[in-house]
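This report refers to the structure that appears directly beneath it.
Below, chains carry the letters A, B, ... as their sequence lines are ordered, and counting in each starts from 1.
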Amino acid sequence: MKYAVKLTTGCMVGCAALIATVAFAETVEPTQVAYGDYGEVETSLTGVPGDPENGKLIMVDRGKGNCIACHQVTSLEEFPFHGEVGPSLDGVSERWSEADLRGIVANAKMAFPETVMPSFYKTQGYFRPGDAYTGKAGEEPLPPLLAAQEIEDVVAYLMTIKYPD
Amino acid sequence: MKKLAVAAVLSVSVAAPSVADETANLVLNGETQITVRADAPAHVDGLSEIISGWVFRSDETQALQMDDFDNPGMIFVDEARDTWNEASGEAGESCASCHGEPESMAGVRPVYPKWNEEAGEVRTLAMQINDCRETRMEAEPWGYTSGAMANMEALISSVSRGMTINVAIDGPVAATYAAGEELYYTRTGQLELSCASCHEQNYGNYIRADHLSQGHINGFPVYRLKNAKLNTVHARFKGCVRDTRAETFSPGSPEFVALELYVASRGNGLSVEGPSVRN
């Protein structure tokens, strides 16, 4: 696959950094996130471990991640309907490291430059930013689509997703 | 494109709601042949084939458009026939006083929006209707996306059904065309999606429960089962832009007029279908 190279390199860097970094319990602001060369983010955005159960709810909630609008996920089959705009997320934890996934959820454009996947932890630099779904103007910085801990929760859930048997 | 093919193959296991028959052909009232698939016009780089939005709808929704007795949009066409004949405004004129039967409008819808030489501007059908109301009838203009406007557009479209869309893109409209094209590919709002993100790169794919079409406007105004009324082009544009978490443009704005001309021209080769039926 196209991303195999990125994946391996990302993980090598990721694993090294993980050992070197001491977690600190301060929230990383959207403008302060340190993306690696392949879009990965080594450090937790909050220092608080993600809650996979909450991550699951965020992924299916239309007002939150709404990830299944674009992605099929077999482990979320009880929540209809799953879209086809992005790849299936089955086996995603076996393809990507935690740092890669944090980067992809926070700002997928760092890993996939032209992707249609929205940036969930970004607050400015938009053309005609709106006030949520009102159609009215919004003022930057906008609140990010997901809060720092919500990103961590989603990443924690993604890390549980294996290929279905 | 390659990437999307992979995405589509990977994500087949969840049952999608009401699947469409994508090979169906559209014949109205057992007689009027509607072209729902055609080669993409040369000026559209991102598509090889253009496909009417009707193709992407469920069997039941498709069927509603095949017979005028089943098409709820035709009720509004009948209302507009009455309006057509009613005098309104200071001049005491009706549409009929100048134009005779609504059938005289056959051939109008396929070429709009178009350049108006006298006014020196690109006009949408809505703009032309309001110009007649204001300058010839001395009547109040209708709201751009109002029911009265949608009804009249439906009447004028209905008499051109089956005729081939053929919107001019060069000469005096070249700058408008370019502005519309630019907007079509510009990512708006916090979701950073352009029209092309959904309707060029992802048509045929589901986004949540919605089956994405190519977003053509040959079927407008559209009767939507969702809100049980006729919906105008600019109201649809506004909804789609809003859904990118963006500040929308206003119906009738120069931006939406340009976008309408551009989007209409992407459908050059399809048939006029309005009023069509969508979910």
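- The side chain to side chain contact (heavy atoms under 4.5 Å, CB included) check on E247(B) picks up R128(A), A137(A), with sequence neighbours excluded.
- When the candidates P129(A), P118(A), G125(A), A69(A) are compared by the number of heavy-atom contacts under 4.5 Å with chain B, A69(A) comes out ahead.
- For Q190(B) (side chain) and P143(A) (main-chain N/O), a donor-acceptor pair under 3.5 Å exists by modelled atom type.
- Within 6.0 Å of CG in D61(A) there are more than 12 heavy atoms belonging to other residues, nucleotides or ligands.
- The closest side-chain heavy-atom distance from Q201(B) to V85(A) is not below 4.5 Å.
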_Apply side-chain contact (heavy atoms from CB on, under 4.5 Å) to residues N202(B) and E84(A) and explain how you reach the verdict._
CA-CA 9 Å; N202(B) 278 296; E84(A) 308 170 315; over 6 Å; no
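- Using a 4.5 Å cut-off between heavy atoms, L191(B) contacts chain A through both its backbone and its side chain.
- Of the atoms belonging to K109(A), it is side-chain heavy atoms, and not backbone ones, that fall under 4.5 Å from chain B.
- Contacts of S194(B) with chain A are absent, with no heavy-atom separation under 4.5 Å from either backbone or side chain.
- Counting heavy atoms of neighbouring residues, nucleotides and ligands inside a 6.0 Å radius, atom CD of E49(B) exceeds 12 of them.
- For residues 238-245 of chain B, a heavy-atom distance under 4.5 Å to chain A picks out R242(B), D243(B), R245(B), given by residue number.
- Residues of residues 144-165 of chain A having a heavy atom under 4.5 Å from any heavy atom of chain B, listed by number: P144(A), L145(A).
- Environment of CD in E182(B): sparse, with no more than 12 heavy atoms of neighbouring residues, nucleotides or ligands closer than 6.0 Å.
- Residues that satisfy the side-chain hydrogen bond (donor to acceptor under 3.5 Å, both in side chains) test with T123(A), not counting sequence neighbours, are absent from this structure.
- Within a 6.0 Å radius of CD in E140(A), more than 12 heavy atoms belonging to other residues, nucleotides or ligands are found.
- A 6.0 Å sphere centred on CZ of R236(B) holds no more than 12 heavy atoms belonging to other residues, nucleotides or ligands.
- When D131(A), N66(A), L89(A) are compared by the number of non-hydrogen pairs under 4.5 Å with chain B, N66(A) comes out ahead.
- Of the inter-residue distances, the one linking Y126(A) atom OH with E192(B) atom CD reads 5.5 Å to the nearest 0.5 angstrom.
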